[in-house]
Participant: 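Provided herewith is a single structure, encoded as C-alpha coordinates, for subsequent inquiry.
Everything quoted here is computed from the prediction, not taken from an experiment. We're numbering straight along the sequence, starting at 1.
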Amino acid sequence: MKTTGIIRRIDDLGRIVIPKELRRTLRIKNGDSLEIFVDNEDIILKKYSPMESIEEAASKYVDSFNQVIKHSVIVTDKDKVIAASGSLKKKYLGKSITEFTERGIERRDSFVERQKKTFSFVEGVEDFGYYSFSSIISDGDAIGGVIIISVESPILESEEKMATILAKLLSGNFVNE
(Lines give C-alpha, C1' and ligand atoms only; values in the text may rest on other atoms or scores of the structure.)
Protein backbone atom coordinates (compact mmCIF):
# COMPACT_ATOMS: atom_id res chain seq x y z
CA MET A 1 0.00 0.00 0.00
CA LYS A 2 1.32 3.45 -0.95
CA THR A 3 0.98 6.40 1.41
CA THR A 4 -0.18 9.78 0.10
CA GLY A 5 0.69 11.83 3.17
CA ILE A 6 -2.83 13.29 3.07
CA ILE A 7 -4.77 13.41 6.33
CA ARG A 8 -8.47 14.26 6.56
CA ARG A 9 -10.82 14.62 9.54
CA ILE A 10 -14.18 12.88 9.70
CA ASP A 11 -17.07 15.37 9.98
CA ASP A 12 -20.12 15.11 12.28
CA LEU A 13 -21.94 12.94 9.72
CA GLY A 14 -19.03 10.47 9.39
CA ARG A 15 -17.88 11.79 6.00
CA ILE A 16 -14.39 12.40 4.69
CA VAL A 17 -13.39 14.31 1.57
CA ILE A 18 -11.26 12.55 -1.02
CA PRO A 19 -8.89 15.22 -2.40
CA LYS A 20 -9.56 16.46 -5.92
CA GLU A 21 -6.10 15.38 -7.14
CA LEU A 22 -6.73 11.79 -6.03
CA ARG A 23 -10.22 11.77 -7.56
CA ARG A 24 -8.79 13.04 -10.85
CA THR A 25 -5.89 10.56 -10.85
CA LEU A 26 -8.17 7.62 -9.99
CA ARG A 27 -10.93 8.87 -12.33
CA ILE A 28 -13.52 9.08 -9.55
CA LYS A 29 -16.40 11.35 -10.50
CA ASN A 30 -19.47 12.65 -8.67
CA GLY A 31 -22.00 9.85 -8.46
CA ASP A 32 -19.42 7.03 -8.74
CA SER A 33 -19.76 4.23 -6.19
CA LEU A 34 -16.91 3.11 -3.95
CA GLU A 35 -16.70 -0.34 -2.41
CA ILE A 36 -15.53 -0.45 1.22
CA PHE A 37 -13.25 -3.20 2.50
CA VAL A 38 -11.85 -3.75 5.99
CA ASP A 39 -8.48 -5.41 6.60
CA ASN A 40 -7.80 -5.57 10.34
CA GLU A 41 -7.80 -1.86 11.23
CA ASP A 42 -7.42 -0.61 7.66
CA ILE A 43 -10.34 0.76 5.67
CA ILE A 44 -9.83 0.32 1.93
CA LEU A 45 -11.91 2.16 -0.67
CA LYS A 46 -12.09 0.73 -4.19
CA LYS A 47 -13.89 2.18 -7.17
CA TYR A 48 -16.86 -0.12 -7.73
CA SER A 49 -17.46 -1.62 -11.18
CA PRO A 50 -20.60 -3.72 -11.64
CA MET A 51 -18.97 -5.04 -14.82
CA GLU A 52 -16.36 -6.95 -12.79
CA SER A 53 -19.13 -9.26 -11.59
CA ILE A 54 -19.75 -10.44 -15.18
CA GLU A 55 -16.14 -10.48 -16.39
CA GLU A 56 -16.18 -14.25 -16.93
CA ALA A 57 -19.45 -14.14 -18.91
CA ALA A 58 -18.14 -11.18 -20.94
CA SER A 59 -15.01 -13.17 -21.85
CA LYS A 60 -17.09 -16.10 -23.09
CA TYR A 61 -19.38 -13.81 -25.10
CA VAL A 62 -16.54 -11.93 -26.82
CA ASP A 63 -14.85 -15.22 -27.75
CA SER A 64 -18.12 -16.53 -29.25
CA PHE A 65 -18.82 -13.29 -31.14
CA ASN A 66 -15.23 -13.22 -32.44
CA GLN A 67 -15.62 -16.75 -33.85
CA VAL A 68 -18.69 -15.63 -35.80
CA ILE A 69 -17.68 -12.20 -37.09
CA LYS A 70 -13.87 -12.67 -37.22
CA HIS A 71 -13.19 -9.16 -35.83
CA SER A 72 -11.71 -8.20 -32.47
CA VAL A 73 -14.39 -7.72 -29.81
CA ILE A 74 -13.74 -5.67 -26.68
CA VAL A 75 -15.85 -5.03 -23.57
CA THR A 76 -15.05 -2.18 -21.17
CA ASP A 77 -16.33 -0.93 -17.87
CA LYS A 78 -16.05 2.81 -17.17
CA ASP A 79 -12.30 2.54 -16.52
CA LYS A 80 -10.67 -0.34 -18.40
CA VAL A 81 -11.05 -3.22 -20.85
CA ILE A 82 -12.42 -6.23 -18.95
CA ALA A 83 -12.75 -8.70 -21.85
CA ALA A 84 -11.21 -8.94 -25.31
CA SER A 85 -10.84 -11.45 -28.12
CA GLY A 86 -9.27 -11.61 -31.52
CA SER A 87 -5.95 -10.36 -32.81
CA LEU A 88 -6.02 -7.24 -30.62
CA LYS A 89 -6.66 -9.04 -27.32
CA LYS A 90 -3.14 -8.67 -25.91
CA LYS A 91 -3.00 -4.99 -26.93
CA TYR A 92 -6.28 -4.09 -25.20
CA LEU A 93 -7.06 -6.41 -22.28
CA GLY A 94 -6.70 -4.68 -18.90
CA LYS A 95 -5.76 -1.29 -20.39
CA SER A 96 -7.34 1.97 -19.18
CA ILE A 97 -9.84 3.50 -21.59
CA THR A 98 -9.35 6.92 -23.18
CA GLU A 99 -11.55 9.97 -22.66
CA PHE A 100 -13.05 9.29 -26.11
CA THR A 101 -14.29 5.87 -24.95
CA GLU A 102 -15.39 7.23 -21.59
CA ARG A 103 -17.45 9.99 -23.28
CA GLY A 104 -19.08 7.42 -25.60
CA ILE A 105 -20.16 5.40 -22.57
CA GLU A 106 -21.40 8.44 -20.63
CA ARG A 107 -23.43 9.70 -23.63
CA ARG A 108 -24.92 6.20 -24.07
CA ASP A 109 -23.71 6.24 -27.66
CA SER A 110 -23.98 3.62 -30.36
CA PHE A 111 -22.07 4.43 -33.54
CA VAL A 112 -20.03 2.91 -36.33
CA GLU A 113 -17.01 4.23 -38.25
CA ARG A 114 -17.23 3.06 -41.85
CA GLN A 115 -14.25 5.12 -43.08
CA LYS A 116 -10.81 3.73 -42.29
CA LYS A 117 -9.23 6.04 -39.73
CA THR A 118 -6.91 6.23 -36.73
CA PHE A 119 -8.58 5.68 -33.36
CA SER A 120 -7.63 5.16 -29.73
CA PHE A 121 -10.02 3.41 -27.34
CA VAL A 122 -7.38 2.65 -24.68
CA GLU A 123 -4.46 4.64 -23.29
CA GLY A 124 -1.25 4.28 -25.28
CA VAL A 125 -2.73 2.23 -28.13
CA GLU A 126 -3.58 3.64 -31.56
CA ASP A 127 -4.97 1.56 -34.38
CA PHE A 128 -6.02 2.23 -37.96
CA GLY A 129 -9.22 0.65 -39.21
CA TYR A 130 -12.98 0.47 -38.68
CA TYR A 131 -15.07 0.06 -35.55
CA SER A 132 -18.53 -0.16 -34.04
CA PHE A 133 -19.31 1.04 -30.51
CA SER A 134 -22.34 0.37 -28.32
CA SER A 135 -22.83 1.44 -24.68
CA ILE A 136 -23.89 -1.06 -22.05
CA ILE A 137 -26.85 0.29 -20.06
CA SER A 138 -28.16 -1.36 -16.90
CA ASP A 139 -31.05 0.06 -14.86
CA GLY A 140 -30.65 3.35 -16.71
CA ASP A 141 -26.93 3.67 -15.88
CA ALA A 142 -24.21 3.60 -18.53
CA ILE A 143 -21.72 1.07 -17.15
CA GLY A 144 -19.49 0.10 -20.08
CA GLY A 145 -19.13 -0.40 -23.78
CA VAL A 146 -18.82 -3.03 -26.50
CA ILE A 147 -16.39 -2.28 -29.32
CA ILE A 148 -15.94 -4.32 -32.49
CA ILE A 149 -12.73 -3.48 -34.34
CA SER A 150 -11.63 -4.44 -37.84
CA VAL A 151 -8.26 -3.34 -39.18
CA GLU A 152 -8.88 -4.91 -42.59
CA SER A 153 -12.47 -4.56 -43.79
CA PRO A 154 -15.34 -2.17 -43.06
CA ILE A 155 -17.86 -3.09 -40.36
CA LEU A 156 -21.01 -4.48 -41.93
CA GLU A 157 -24.46 -3.42 -40.74
CA SER A 158 -25.02 -6.92 -39.32
CA GLU A 159 -21.75 -6.64 -37.34
CA GLU A 160 -22.77 -3.22 -36.07
CA LYS A 161 -25.97 -4.83 -34.76
CA MET A 162 -23.86 -7.54 -33.10
CA ALA A 163 -22.24 -4.83 -30.91
CA THR A 164 -25.70 -3.68 -29.83
CA ILE A 165 -26.86 -7.26 -29.22
CA LEU A 166 -23.79 -8.02 -27.09
CA ALA A 167 -24.31 -4.81 -25.08
CA LYS A 168 -27.91 -5.85 -24.39
CA LEU A 169 -26.88 -9.41 -23.49
CA LEU A 170 -24.31 -8.12 -21.02
CA SER A 171 -26.73 -5.62 -19.46
CA GLY A 172 -29.14 -8.51 -18.90
CA ASN A 173 -26.56 -10.28 -16.71
CA PHE A 174 -27.05 -7.86 -13.82
CA VAL A 175 -29.32 -8.60 -10.90
CA ASN A 176 -31.11 -5.58 -9.44
CA GLU A 177 -29.50 -4.78 -6.10
Participant: Using the ring-ring contact (aromatic ring centres under 6.0 Å, His included) criterion, which residues pair with Y131? Sequence neighbours excluded.
Facilitator: F119, F121

Participant: Please tell me if the side chains of V68 and M162 come closer than 4.5 Å, counting only heavy atoms from C-beta onward.
Facilitator: yes

Participant: I149 versus Y92: any side-chain heavy-atom pair under 4.5 Å?
Facilitator: yes

Participant: List the residues meeting ring-ring contact (aromatic ring centres under 6.0 Å, His included) with F133, not counting sequence neighbours, and say none if there are none.
Facilitator: F111

Participant: So, using salt bridge (charged side-chain N to carboxylate O under 4.0 Å, His left out) as the criterion, who are the partners of K116 when residues are at least two apart?
Facilitator: none

Participant: Mind checking what makes side chain to side chain donor-acceptor pair (under 3.5 Å) contact with D141, not counting sequence neighbours?
Facilitator: none

Participant: Does N40 use its side chain to pair, donor to acceptor, with the backbone of D42 at less than 3.5 Å?
Facilitator: no

Participant: Examine V81 and F100 and state if one hydrophobic cluster contains both, with Ile, Leu, Val, Met, Phe, Trp and Tyr joined whenever side-chain heavy atoms are less than 4.5 Å apart.
Facilitator: yes

Participant: Calculate, to the nearest 0.5 Å, the distance between atoms CD1 and OG belonging to I143 and S171 respectively.
Facilitator: 7.0 Å

Participant: With S153, which residues qualify under side chain to side chain contact (heavy atoms under 4.5 Å, CB included), at least two apart?
Facilitator: H71, S150

Participant: Which residue pairs pass the salt bridge (charged side-chain N to carboxylate O under 4.0 Å, His left out) test with at least one member in residues 126-137, sequence neighbours excluded?
Facilitator: K91-D127

Participant: Short question: side chain of S132, backbone of V112 - any donor-acceptor pair under 3.5 Å?
Facilitator: no

Participant: Which heavy atom in F65 sits nearest to a heavy atom in L169, and how many Å separate them?
Facilitator: CZ-CD1, 4.0 Å

Participant: Hey, are the side chains of I74 and V62 touching, using non-hydrogen atoms and a 4.5 Å cut-off?
Facilitator: no

Participant: Do the side chains of L34 and I6 join up, straight or via other hydrophobic residues, at under 4.5 Å, putting them in one cluster?
Facilitator: yes

Participant: Please report the interatomic distance CD1(I7) to CD1(I16), rounded to the nearest 0.5 Å.
Facilitator: 12.0 Å

Participant: Please report the shortest heavy-atom distance between G104 and S135, naming the atom on each side.
Facilitator: O-OG, 3.1 Å

Participant: With rounding to the nearest 0.5 Å, note down the distance linking CG in D77 to CD1 in I105.
Facilitator: 7.5 Å

Participant: Heavy-atom distance under 4.5 Å between the side chains of V151 and F128, does that happen here?
Facilitator: no

Participant: Working to the nearest 0.5 Å, report the span between CZ of R103 and CZ of R107.
Facilitator: 6.0 Å

Participant: Using side chain to side chain contact (heavy atoms under 4.5 Å, CB included) as the criterion, list what pairs up with R23, not counting sequence neighbours.
Facilitator: V17, I18, K20, I28

Participant: With sequence neighbours left out, write down each residue that passes side chain to side chain donor-acceptor pair (under 3.5 Å) with R15, or none if nothing qualifies.
Facilitator: D11

Participant: For E106, enumerate each residue passing the side chain to side chain contact (heavy atoms under 4.5 Å, CB included) test, keeping only those at least two apart in sequence or located in another chain.
Facilitator: K29, E102

Participant: side-chain contact (heavy atoms from CB on, under 4.5 Å) with T76: which of I136, I82, I97, V122?
Facilitator: I97

Participant: How would you list, by chain and number, every residue that makes a salt bridge (charged side-chain N to carboxylate O under 4.0 Å, His left out) with E35, sequence neighbours excluded?
Facilitator: none

Participant: Let me know which of V146, I148, I147 forms a side-chain contact (heavy atoms from CB on, under 4.5 Å) with L166.
Facilitator: V146

Participant: Which heavy-atom pair separates S72 from S87 by the least distance, and what is that distance?
Facilitator: OG-N, 3.4 Å

Participant: Quick one: are I36 and L45 in side-chain contact, heavy atoms under 4.5 Å?
Facilitator: yes

Participant: My understanding is that only residues two or more places apart in sequence, or in another chain, count here; which of them pass side chain to side chain contact (heavy atoms under 4.5 Å, CB included) with E123?
Facilitator: R27, S96, T98

Participant: Should I43 and L26 be counted in the same cluster of Ile, Leu, Val, Met, Phe, Trp and Tyr side chains packed under 4.5 Å apart?
Facilitator: yes

Participant: So which pairs with a foot in residues 145-167 pass salt bridge (charged side-chain N to carboxylate O under 4.0 Å, His left out), sequence neighbours left out?
Facilitator: R114-E160, E157-K161

Participant: Which heavy atom in N66 sits nearest to a heavy atom in S85, and how many Å separate them?
Facilitator: CB-OG, 3.1 Å

